[in-house]
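None of these values were measured; they are calculated from a predicted model.
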Protein chains: 2
Amino acid sequence: MKLITRNTDYALRALCFIAKSDGKIIPVSGLARELRVPQPFLRKILQVLSKKRILKSLKGQGGGFLLKRSPVKIFLPDIMRIFQGKLRLNECSLKKLLCPEQKTCPLRKKISGIERYVLRELNAISIASLIG
Amino acid sequence: MKLITRNTDYALRALCFIAKSDGKIIPVSGLARELRVPQPFLRKILQVLSKKRILKSLKGQGGGFLLKRSPVKIFLPDIMRIFQGKLRLNECSLKKLLCPEQKTCPLRKKISGIERYVLRELNAISIASLIG
DNA sequence: GACAAATGATACAATTATGGTATCATTTTA
DNA sequence: TAAAATGATACCATAATTGTATCATTTGTC
Ligand code: FES
Ligand code: FES
């Protein structure tokens, strides 16, 4: 029942660190040392963030990553969606059989209330708010 | 990011069905047909519920399962814990390294607020409330 | 220009969690 | 005694997660 998987977590920490570095170009090597996280894995994560336009990357010697968006505009669900797919707490496990009870199912109703709350809260968490 | 896994879901539906059957002894065979769920898997699930004192079982011909506790006293987290372990949304993925930031980590703080809310809501959901 | 240090792209591997089967033993009733 | 049920347990399959490995490309520096 993890809300946040490891790769999202690494990504968040990396983003926080980069955000705190005030525009300096951060190479994976340094970041991995800093966060004590396996470097090749972290590298893959940063490459994804780069492709998703969260980070900007600079190749070549002296290169690395920096933020492409202001930390006030990067929200937790943005990152979670990248690494964990759609943010749904509430799918019927019979969906393949087209569960006819989906609309009326009392369990779904209750959980979807929870889901709305969780998403609202997550949406309020930005990278900026984490380093504030 | 599933809140409820398949086995929990099956278990809940089984419990609801049994609860609605008003004391009748329900064999797995019938239940599996009714819920359209693989019978051996459902059987394993019911056996666990039985061992955990949620269901009572009767062996032999004409046997099956019935509730051991009133449906007003069976809550969603009871079942979730059985099949999904501890209900924590909020573990640091560095726990093995004894992340020194656990206490002060702003992400943990924010998520633990969400966690408390979710648990409170889940605790309000009983089998009775699902069949009401 | 050669070299070193970085990312891009991508394929592969390991581990864990989840979902599910199979089987044999035991109990109970008809 | 046979049939219908659960108890216990071992096993298997699939998918998701967490990584590793490698080669190609870019870029700054000597
Ligand atoms: S059982 Fe399908 S939505 Fe509740
Ligand atoms: S990084 Fe370990 S608790 Fe936040």
Side-chain angles (χ1 to χ4, degrees), chain A residues 1-11 13-14 18 24-33 35-66 68 80 82-86 88 91 93-97, chain B residues 1-11 13-14 18 24-33 35-66 68 80 82-86 88 91 93-97:
Chain A
M1 212 184 72
K2 257 175 316 192
L3 202 56
I4 293 183
T5 57
R6 196 119 102 208
N7 44 15
T8 303
D9 197 14
Y10 288 172
R13 274 185 264 169
I18 296 172
K24 275 204 289 288
I25 300 173
I26 311 289
V28 176
S29 53
L31 200 49
R33 243 194 333 275
L35 304 180
R36 291 146 161 259
V37 146
Q39 166 164 345
F41 191 37
L42 183 59
R43 191 173 159 218
K44 190 165 71 168
I45 289 169
L46 294 195
Q47 283 184 353
V48 171
L49 289 175
S50 187
K51 207 164 2 181
K52 295 289 185 176
R53 310 271 170 175
I54 308 282
L55 289 176
K56 185 159 44 183
S57 74
L58 300 171
K59 288 172 97 173
Q61 197 177 27
F65 296 89
L66 29 75
K68 182 150 198 165
M80 292 175 72
I82 289 173
F83 296 103
Q84 306 175 203
K86 274 198 193 131
R88 324 219 91 261
E91 268 163 11
S93 42
L94 283 191
K95 56 176 180 268
K96 281 170 200 156
L97 305 177
Chain B
M1 213 183 71
K2 257 175 315 192
L3 203 54
I4 292 184
T5 57
R6 198 120 101 209
N7 44 15
T8 303
D9 197 13
Y10 289 171
R13 274 186 264 168
I18 296 173
K24 276 204 287 292
I25 300 172
I26 311 290
V28 176
S29 53
L31 199 50
R33 244 195 331 276
L35 304 180
R36 291 147 162 259
V37 147
Q39 167 165 344
F41 190 36
L42 183 59
R43 189 171 162 220
K44 189 164 73 167
I45 288 169
L46 295 194
Q47 284 183 351
V48 172
L49 289 175
S50 188
K51 209 165 0 185
K52 295 289 185 178
R53 310 272 171 175
I54 307 283
L55 290 176
K56 184 158 46 184
S57 74
L58 299 172
K59 288 171 97 173
Q61 197 179 25
F65 296 89
L66 30 75
K68 181 151 199 164
M80 292 176 72
I82 289 174
F83 296 105
Q84 306 176 202
K86 275 200 192 125
R88 324 220 89 263
E91 268 163 9
S93 42
L94 282 190
K95 57 175 178 265
K96 281 170 200 157
L97 303 178

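An OP1 or OP2 oxygen of dA5(C) is reached within less than 4.0 angstrom by no side-chain nitrogen or oxygen of S29(A). S57(A) has no side-chain polar atom (N or O) that falls below the 4.0 Å cut-off from OP1 or OP2 of dA6(C). Close to dG20(C), at under 4.0 Å from its OP1 or OP2, lies a side-chain N or O of Y10(B). Applying the 4.0 Å criterion to OP1 and OP2 of dT21(C), one finds that R43(B) has every side-chain N and O outside that range.
Considering only the side chain of P38(A), dG19(D) comes nearest among dT6(D), dT17(D), dG19(D). Checking dT17(D), dA6(C), dA8(D) against the side-chain heavy atoms of P27(A) singles out dA6(C) as nearest. The listed nucleotides are dT6(D), dG7(D), dT7(C); the one nearest the side chain of Q47(A) is dT7(C). In this structure, of dG19(C), dA11(C), dT28(C), it is dT28(C) that holds the atom nearest to the side chain of Q61(B). Distance from the side chain of R6(A) is smallest to dG19(D) among dT27(D), dT21(C), dG19(D). Counting only heavy atoms from C-beta on, P40(A) has its side chain closest to dT20(D) among dT7(C), dT20(D), dA9(C).
For the pair K86(B)/E91(B), no side-chain contact is recorded, criterion being any heavy-atom separation below 4.5 Å from C-beta on. A heavy-atom distance below 4.5 Å is not found between the side chains of K24(B) and L66(B). For the pair I54(B) and I82(B), the minimum side-chain heavy-atom distance is below 4.5 Å. Using a 4.5 Å cut-off on side-chain heavy atoms (C-beta onward), F83(A) and V48(A) make contact.
Heavy-atom distances to DNA chain D give each of N7(A) and L58(A) a nearest nucleotide, and the one nearer the 5′ end belongs to N7(A). When each of G64(B) and Q39(A) is assigned the nucleotide of DNA chain D bearing its nearest heavy atom, the one mapping closer to the 5' terminus is G64(B). Mapping Q84(B) and G62(B) onto DNA chain C via the closest heavy atom, the residue that lands nearer the 5' end is Q84(B).
The base of dG8(C) is not paired with the side chain of K51(A) by any donor and acceptor separated by under 3.5 Å. At a cut-off of 3.5 angstrom, counting only N and O atoms as typed in the model, there is no donor on one side facing an acceptor on the other between the side-chain of K59(B) and the base of dG7(D).
Straight-line distance from the CG atom of D9(B) to the C1' atom of dG20(C): 16 Å, rounded to whole Å. Atom CZ of R33(A) is separated from atom C1' of dA6(C) by 13 Å (rounded to the nearest Å). Note: NZ (K44(A)) to C1' (dC23(D)) measures 16 Å, nearest angstrom. One can place CZ of R13(B) at 12 Å from P of dG19(C), the figure rounded to the nearest angstrom. In this structure, F41(A) atom CZ and dT18(D) atom C1' are separated by 5 Å, rounded to whole Å. Atom-to-atom, CG of L42(A) to C1' of dT20(D) comes out at 14 Å; the value is rounded to the nearest Å. If you measure from atom CD1 of I25(B) to atom P of dA5(D), you get 11 Å, rounded to the nearest angstrom. Atom pair I45(B):CD1 and dG19(C):P shows a separation of 9 Å (rounding to whole Å applied).
Without hydrogens or angle criteria, Q84(A) side chain to L3(A) main chain gives a donor-acceptor distance under 3.5 Å.
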_side-chain contact (heavy atoms from CB on, under 4.5 Å) between L31(B) and L46(B), worked out_ = CA-CA 10 Å; L31(B) 199 50; L46(B) 295 194; 3.6 Å; yes

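The residue F83(A) sits apart from the nucleic acid: no heavy atom pair falls under 4.0 Å. Using a 4.0 Å heavy-atom cutoff across all strands shown, K2(A) reaches sugar-phosphate atoms only and no base atom. At a threshold of 4.0 angstrom between heavy atoms, the contacts of G60(A) include nucleobase atoms, whether or not backbone atoms are also involved.
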